[in-house]
Amino acid sequence: MEPETILAPKGQKQVGASTRADRGTNVTVMCAMSAAGNYICPMFIFGRKGMCPTLEKGGPPDVLYSCSKNGWSNEFS
């Protein structure tokens, strides 16, 4: 399989690409920081019904992990 061609301005360091749902599972990451420099821990939201310890395995320290039915930031229990 040949990689997709992505067009971007010359010299641009961050280039985004969209991912189709049939090519993998998307994970939502929420991050927040105030103008004063205070921040809360990032949160990874996986699209599944229940949380399991393997989702946290190899992940960064001081991060919150949760699940929602579709992987979006809807509401959490």
Side-chain angles (χ1 to χ4, degrees):
M1 181 181 213
E2 210 163 302
E4 294 179 19
T5 301
I6 299 175
L7 301 175
K10 187 175 181 178
Q12 185 172 348
K13 295 190 186 282
Q14 292 185 354
V15 179
S18 61
T19 303
R20 295 188 332 230
D22 62 339
R23 295 199 59 189
T25 302
N26 291 329
V27 177
T28 300
V29 179
M30 294 190 335
C31 303
M33 179 179 237
S34 72
N38 300 320
Y39 67 93
I40 59 172
C41 297
M43 181 177 205
F44 285 70
I45 305 168
F46 297 95
R48 54 185 297 138
K49 288 185 180 182
M51 189 65 192
C52 67
T54 32
L55 294 173
E56 299 179 25
K57 186 177 180 181
D62 299 327
V63 173
L64 302 173
Y65 297 92
S66 187
C67 295
S68 73
K69 183 177 172 183
N70 55 15
W72 299 344
S73 57
N74 298 337
E75 64 180 67
F76 299 97
S77 53

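Basis for what follows: all heavy atoms, side chains included, without hydrogens, waters or symmetry-related copies. Residue numbers start at 1 and run along the sequence shown.
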Notebook entry, point to check: Hey, does Cys67 have a side-chain heavy atom less than 4.5 Å from the side chain of Leu55?
Noted result: yes
Check: Do Val29 and Phe46 share a hydrophobic cluster, counting only Ile, Leu, Val, Met, Phe, Trp and Tyr and linking them when any side-chain heavy atoms are less than 4.5 Å apart?
Finding: yes
Atom pairs and distances, donor-acceptor, side-chain atoms in residues 58-65, under 3.5 Å, two or more places apart:
residue, atom, partner, partner atom, Å
Tyr65, OH, Pro60, O, 3.4

